[in-house]
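Atoms within each ligand, like the ligands themselves, are counted from 1 in listed order. Quick caveat, the model's predicted, so the values are computed rather than measured.
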Amino acid sequence: MREDTIGRANVEDTPELERYYAELGRQESYALWTVANDIEPWQPKPASLPTVWRYEAMRPLVLKALDLVSPEKAGRRVIALENPGRKGTSACVGWLYSGLQVMRPGEFATAHSHASSALRFIIEGRGAYTVVDGHKMELNGGDFVITPNGTWHDHGVDAGGDTTIWQDGLDMLLVNQLDANFYAVHPEHVQKSNTPVDDTVALYGGPGLLPAGGEGWNKPYSPLFKYEWGRTYETLQKASKASDGSPYDGIMMQYVNPATGGPVMKTLGACIQLLRAGERTKAHRHTGSVVYTVAKGSGHSVIAGRRYDWKKNDIFVVPSWAWHEHANASDRDDAVLFSFSDIPSMKALDLYREEALAENGGQQTPVH
Ligand code: 1HN
């Protein structure tokens, strides 16, 4: 698209130029000025749209898959979330993938590994487990689990458990864009767990305590593979009594690698945030795409000037550089949002930028 600004491309088509462009095309080339303004936007111009997936609508569809395909045939029985602005890309927002995986008691999905990193947020169920590089973990509602780049992982639900639904999040699409993905099937199909159940929580999930000496951790991701809901929520509640938090995010905590204080994995990060009764945050925007899951309560977010209402287990997305603010609907109870993002990738590549909305007390005027 032409732009009438010095330093930007502003060439009108002529019959002579069109003939020239056709000649270039025959040599697998093109004139940069025909696309320069599009491929060098003044600021991020995501094609992804703010979107809410309502659990009420998704849950029956996810459960329907139980009778339609087996995990053996499907590999993973997952209903994936597709951004309406990005049809055909498998993207939930940006280059993030997300989906809802469902398993009934007695079922399991075989072990594999890939160069993309994955995480899971448990929505509902009982008796589910996952095994990550031989470390078995029990999964309960609100737990957050990581499956870093290159780790073997398989999961299932014990025969005595309940049908379980969890949310998967992966950086797979980013890794594919970078042509850097690999995939492998575990030779034994199901990993043998070689350590006590939940050992990473016992060893690395202590309150500010890490094994002293002899237990060195030198992998590029968190040695703590599971962050349990109970302690996470308790931490948020305590923090909300000790601090006013951020005007843009409320009481927001990052899930960290306890060995470094950095994000849980190199490419993907996750946060949990509490909006106090009646709280409404100010608007800000930043690079990085974010997928939110409502862990507790109800409210709404204003994203790029439009209002999106949400309640427990709904999933919504904020595209990169979109203004966003959140409001708790309740004057009595807190609301909690789990989120994961590619912000660690942005920061690692020095592409992270952040801006606050100044006028109007920092709040957007919803256009709808
Ligand atoms: C994957 O490995 C899982 O391990 C779930 O459960 C969803 C979506 C795309 C690629 C790999 C899993 C996935 C996935």
Checklist entry - Is the closest N or O pair between Arg76 and ligand 1 shorter than 3.5 Å? => result yes
Item to check | Element-labelled atoms of ligand 1 that are located less than 4.0 Å from some non-hydrogen atom of His153 | outcome: 2 (O), 4 (O)
Checklist entry - Of the protein's non-hydrogen atoms, which lies at the shortest distance from atom 7 (C) of ligand 1, and what is that distance? => result Asp168 OD2, 3.6 Å
Next on the checklist: Quick check: Phe338 with Tyr292 (ring centres under 6.0 Å apart)?
Outcome noted: no
Checklist entry - Can we say Glu82 and Lys87 salt-bridge, meaning some charged N sits less than 4.0 Å from an Asp/Glu carboxylate O? => result yes
Checklist entry - Are Thr164 and Glu124 close enough that a side-chain donor and a side-chain acceptor fall under 3.5 Å? => result no
Next on the checklist: Within the supplied structure, the quantity of interest is the number of heavy atoms (other residues, nucleotides, ligands) at a distance under 6.0 Å from Gln27 CD; does it exceed 12?
Outcome noted: no
Checklist outcome for this item: Residues passing the side-chain hydrogen bond (donor to acceptor under 3.5 Å, both in side chains) test with Tyr221, sequence neighbours excluded, are none
Checklist entry - So which protein heavy atom does atom 13 (C) of ligand 1 come closest to, and at what separation? => result Leu170 CD1, 3.7 Å
Checklist entry - Looking at His155, which atoms of ligand 1 are within less than 4.0 Å of one of its heavy atoms? => result 4 (O), 6 (O), 12 (C)
Checklist outcome for this item: Ranked by distance from atom 10 (C) of ligand 1, the top protein heavy atom is Met172 SD, 3.3 Å
Item to check | His324 ring center within less than 6.0 Å of Tyr248 ring center | outcome: no
Next on the checklist: With respect to His112, determine whether any N or O atom, backbone or side chain, lies less than 3.5 Å from an N or O atom of ligand 1.
Outcome noted: yes
